[in-house]
Participant: 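To start, I am sharing the structure in question, which I have written as structure tokens.
In what follows, every heavy atom counts, from backbone to side chain, and hydrogens, waters and symmetry copies are set aside. To find a chain, count down the sequence lines: A is the first, B the second, and so on, and within it residues start at 1.
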Protein chains: 2
Amino acid sequence: MDLSKLLAERTAYMRASEIRELLKWATADVISFGGGMPDPSTFPLEEIARISSYVLETYGNKALQYGQTEGVPELRDELAKFAASNGIKATADNVIVTVGSQEALELLGRLFLDERSVVVTENPTYIAALQSWRVYRPKLVGIPMDDRGMRTEVLEEQVRKLKAEGARIKFIYTVPTAQNPTGVTMTDDRRRHLLEIAEQNDLLVVEDDPYGYFIFDNISVTRLKALDKSGRVIYLSTASKIFSPGLRLGWVVADQELIRWFALAKQALNLNTPTLNQYLLLEGLRRGVIQRNIPRIVELYRKKRDAMLTALEAYMPKGVSWTKPSGGMFIWVKVPEKIDTKEMLNVAIAKYKVAYVPGHGFHVNEGEGRNTMRLNFTYSSFEQIDVGIKRLADAIREFL
Amino acid sequence: MDLSKLLAERTAYMRASEIRELLKWATADVISFGGGMPDPSTFPLEEIARISSYVLETYGNKALQYGQTEGVPELRDELAKFAASNGIKATADNVIVTVGSQEALELLGRLFLDERSVVVTENPTYIAALQSWRVYRPKLVGIPMDDRGMRTEVLEEQVRKLKAEGARIKFIYTVPTAQNPTGVTMTDDRRRHLLEIAEQNDLLVVEDDPYGYFIFDNISVTRLKALDKSGRVIYLSTASKIFSPGLRLGWVVADQELIRWFALAKQALNLNTPTLNQYLLLEGLRRGVIQRNIPRIVELYRKKRDAMLTALEAYMPKGVSWTKPSGGMFIWVKVPEKIDTKEMLNVAIAKYKVAYVPGHGFHVNEGEGRNTMRLNFTYSSFEQIDVGIKRLADAIREFL
């Protein structure tokens with residue numbers, strides 16, 4: 001059959017995730033800094049096994065039956081309390097449970113984006129958010145960053161300009177804490193400024209917060225949602241980095257009317273997030289498994305970050321620079337302009353046995369960031385970090 | 001905030017599932033024939049508990065980590081074998097694991113439907129398929145059914161007409177076995193005819209098969225996919241009715257090129273189907289838990305079907321008719337034309353404490369099927385079936 005005649009127009013805007021392709025290599029003799037995978041030693045495996053037995057014994061068939069689209073009520077309640085422990089006021093009605101944060105990103109596109117709708121994001125920004133929205137064909141407007149996060153004075157100017165042009169800005173998307181891909185954390189004064197701009201222009205703000213639990217250094221981090229006075233912040237988080245990514249559990253905290261829209265859109269995708277998995281998370285929170293796990297993860301990831309920064313310092317040739325993240329899972333590297341990291345990747349993998357994610361895909365516009373790359377420091381072992389960064393430095397040297 | 005300014009145009013085509021709304025009442029003193037829920041006693045609870053312990057002990061962190069978008073390789077292999085046991089030739093490369101069949105329906109819309117694309121379906125057809133496709137604004141063309149399934153001579157005529165008009169038919173959607181909502185099973189000669197029409201017109205066929213495992217009577221059922229010689233049948237099935245719906249596990253069996261497209265589209269939705277759940281299904285198949293469970297379910301559901309047919313016969317007033325399904329989970333009821341089952345529902349619930357799904361929503365065109373309803377016979381107990389049908393008959397009598 002000739003499928004090309006049958007495929008929808010939007011399929012032309014679907015792109016394979018380079019990160020997912022990279023995952024496929026991670027098992028070989030290649031050291032991969034590509035995927036955004038947690039260190040599996042951080043999964044509370046034994047406790048999840050105990051919880052799983054308990055859930056099936058206690059909740060029985062309820063954990064195996066269809067459930068409400070919004071999520072298991074007790075879990076929604078528990079997630080509201082968990083949000084409160086991070087300064088966010090919410091009740092169960094403000095929460096919907098999703099199949100990972102990725103589903104929440106898709107739902108945002110589905111609910112808000114028409115062709116030519118405008119989404120304002122940090123530039124670079126989370127690659128899979130761009131990927132899920134591209135099929136809806138919005139105009140993406142990127143705001144540059146520095147080491148204090150999104151440059152909100154540029155944001156203010158851009159919003160003013162866009163409004164003057166009659167653009168339909170749907171939301172500002174930000175990963176304010178330990179951003180993916182740069183690792184940069186937005187300062188509290190910038191956060192307040194961002195919310196002021198949203199308030200003055202009546203805009204929604206999407207705060208994507210997978211990494212807010214991992215702050216290694218002594219810095220202050222206030223969730224945007226905690227500062228939100230008018231229900232304009234849609235807060236996304238996930239159990240993937242603090243419990244288990246394989247359970248595919250994320251959640252949204254937002255105004256109740258927004259939660260109703262999310263539920264309506266989610267019905268058509270999968271009816272409800274797997275019920276058993278929701279009960280596992282419920283017990284993980286009730287027993288404090290997650291709350292006790294977080295400081296343990298912070299400790300480990302701080303050491304891994306330090307190991308990678310040390311290796312970069314030791315091995316990288318002149319002209320290569322990188323961020324020094326206070327949290328999260330990634331370091332962002334710039335190589336001299338003459339190197340295209342996408343072109344270099346094949347050689348890095350085949351000859352030097354090291355992988356990374358080329359930076360261009362995280363950018364809003366074609367052609368940007370060709371000399372950048374994202375390195376994950378959480379998945380690899382300490383030895384792999386040292387050996388892998390040495391290999392990467394050798395690859396870069398070949399291309400200089 | 002005024003959300004109406006911000007919502008995408010497609011949100012006007014999102015409809016809340018009446019079935020899902022009904023699920024919310026099912027806990028009260030109302031007997032609900034509304035949801036499509038399995039009898040929870042069919043869930044192999046103890047075996048799932050044993051499997052869960054085994055999986056976490058044996059596969060460990062692998063079961064808690066991100067996985068490939070297509071699914072856990074061993075499970076794809078096992079599902080290919082399971083398909084083979086139903087006459088379908090497939091290898092692991094022909095399989096993708098989805099978050100319930102619902103996700104597969106959404107992916108079909110996403111991959112194939114542009115505005116005004118044509119989808120040909122049975123009329124009435126599965127309500128949640130219509131729901132998931134409506135946001136893509138296809139033209140739905142319904143083919144009438146009789147007690148032998150979709151009337152393929154009408155299909156042939158319609159396809160001819162549509163082609164002559166230059167319509168872009170994307171696929172024929174059918175639930176050929178124990179259809180939802182009517183319970184009707186398509187005869188084998190009609191199945192062959194349907195495939196001939198697809199072959200002659202180079203069309204894709206989507207075979208949705210959640211109920212093919214539950215045939216109560218001695219009839220022959222050949223999967224369309226088993227008759228497919230040119231890779232044009234996309235086969236959908238699910239673990240929801242033979243293992244557990246709360247795990248949200250479905251799968252697609254199709255040509256390898258199609259599977260690649262499904263995977264590309266799925267990445268943006270949720271990266272991968274929950275890994276732990278996939279391992280549970282893998283072991284459920286490997287140990288024969290599912291294979292042993294099916295005849296047990298068939299036995300139970302046959303008795304429940306018989307109980308509902310007996311109650312309908314005993315209590316229903318003249319002028320009410322219903323299907324006698326050879327399998328599945330539903331009976332389709334027609335009441336006299338003067339009754340609008342949607343209007344009757346509020347009274348049925350509030351006064352008579354019985355619920356069903358009004359039939360109009362299963363129809364392709366507005367205004368059709370106002371005097372029809374779908375009854376589920378699998379979820380309620382035998383006593384509830386008897387009492388509930390009596391209540392329903394009383395409600396109908398009030399409206400006659």
Side-chain angles (χ1 to χ4, degrees), chain A residues 1 3 6-11 14 16-17 20 23 37 40 43 45 48-49 52-53 56-57 60-61 63-69 99-100 102-103 106 110-114 131-132 135 170 202 204 230-232 244-248 257-258 261 264-265 267-271 274-277, chain B residues 1 3 6-11 14 16-17 20 23 37 40 43 45 48-49 52-53 56-57 60-61 63-69 99-100 102-103 106 110-114 131-132 135 170 202 204 230-232 244-248 257-258 261 264-265 267-271 274-277:
Chain A
M1 290 200 67
L3 283 185
L6 293 172
L7 291 165
E9 282 172 30
R10 81 182 62 77
T11 58
M14 292 180 185
S17 155
R20 297 248 104 194
L23 279 180
M37 290 199 288
F43 305 157
L45 177 63
I48 289 176
S52 170
S53 299
L56 288 166
E57 205 176 301
N61 289 326
L64 298 176
Q65 187 60 284
Y66 289 111
Q68 292 175 20
T69 303
V99 182
Q102 187 65 37
E103 187 186 25
E106 156 61 23
R110 177 169 283 245
L111 286 174
F112 293 108
L113 303 185
D114 292 309
Q131 196 197 2
S132 69
V135 293
K170 295 307 183 85
D202 202 21
L204 287 171
S230 44
R232 65 180 66 257
S244 150
L247 297 176
R248 309 303 302 117
E257 191 188 350
L258 280 159
W261 276 108
L264 185 61
Q267 274 183 13
L269 295 190
N270 50 47
L271 304 182
T275 322
L276 175 64
N277 307 30
Chain B
M1 290 200 68
L3 283 184
L6 293 171
L7 291 165
E9 283 173 28
R10 82 183 60 78
T11 57
M14 292 180 184
S17 156
R20 297 248 105 195
L23 279 181
M37 290 200 287
F43 305 157
L45 178 63
I48 289 176
S52 170
S53 300
L56 287 166
E57 204 176 303
N61 289 325
L64 299 177
Q65 187 59 283
Y66 289 110
Q68 291 175 22
T69 303
V99 182
Q102 186 65 37
E103 188 187 22
E106 156 61 23
R110 178 169 282 244
L111 285 174
F112 293 110
L113 303 185
D114 291 309
Q131 196 198 0
S132 69
V135 293
K170 294 307 181 85
D202 202 21
L204 286 172
S230 44
R232 65 179 67 257
S244 150
L247 297 176
R248 310 302 303 117
E257 191 188 350
L258 280 159
W261 276 107
L264 186 59
Q267 273 182 14
L269 295 191
N270 49 48
L271 304 181
T275 322
L276 174 64
N277 307 30

Participant: Side-chain contact test, heavy atoms from C-beta onward, threshold under 4.5 Å: evaluate it for A/Glu106 versus B/Arg110 and give yes or no.
Facilitator: yes
Participant: How long is the span from the CD atom in A/Gln102 to the CG atom in B/Leu271, to the nearest 0.5 Å?
Facilitator: 4.5 Å
Participant: Between chain A and each of B/Glu9, B/Met14, B/Gln131, B/Arg10, count heavy-atom pairs under 4.5 Å; write down the option with the most.
Facilitator: B/Arg10
Participant: Quick check on the interface: out of A/Leu204, A/Asp114, A/Thr275, who has the most heavy-atom pairs with chain B under 4.5 Å?
Facilitator: A/Asp114
Participant: Looking at A/Leu111, A/Leu56, A/Leu64, A/Leu3, which has the largest count of heavy-atom pairs under 4.5 Å with chain B?
Facilitator: A/Leu64
Participant: Say you draw a straight line from CG of B/Leu45 to CG of A/Asn61; how long is it, rounded to the nearest 0.5 Å?
Facilitator: 5.0 Å
Participant: Can you tell which of A/Leu7, A/Leu258, A/Ile48 has the highest number of heavy-atom pairs within less than 4.5 Å of chain B?
Facilitator: A/Leu7
Participant: Who passes side-chain hydrogen bond (donor to acceptor under 3.5 Å, both in side chains) against A/Asn270, sequence neighbours left out?
Facilitator: A/Glu103, A/Lys266
Participant: What part of B/Thr11 gets closer than 4.5 Å to chain A, counting heavy atoms only: side chain, backbone, both or neither?
Facilitator: both
Participant: Please determine, among A/Leu276, A/Leu269, A/Asp202, A/Leu247, the option with the most heavy-atom pairs under 4.5 Å with chain B.
Facilitator: A/Leu269
Participant: Return the minimal non-hydrogen interatomic distance between A/Gln65 and B/Pro40, and the atom names on each side.
Facilitator: NE2-CD, 4.1 Å
Participant: Do you know which of A/Gly231, A/Pro245, A/Ser132, A/Ala63 has the most heavy-atom pairs with chain B at a distance under 4.5 angstrom?
Facilitator: A/Pro245
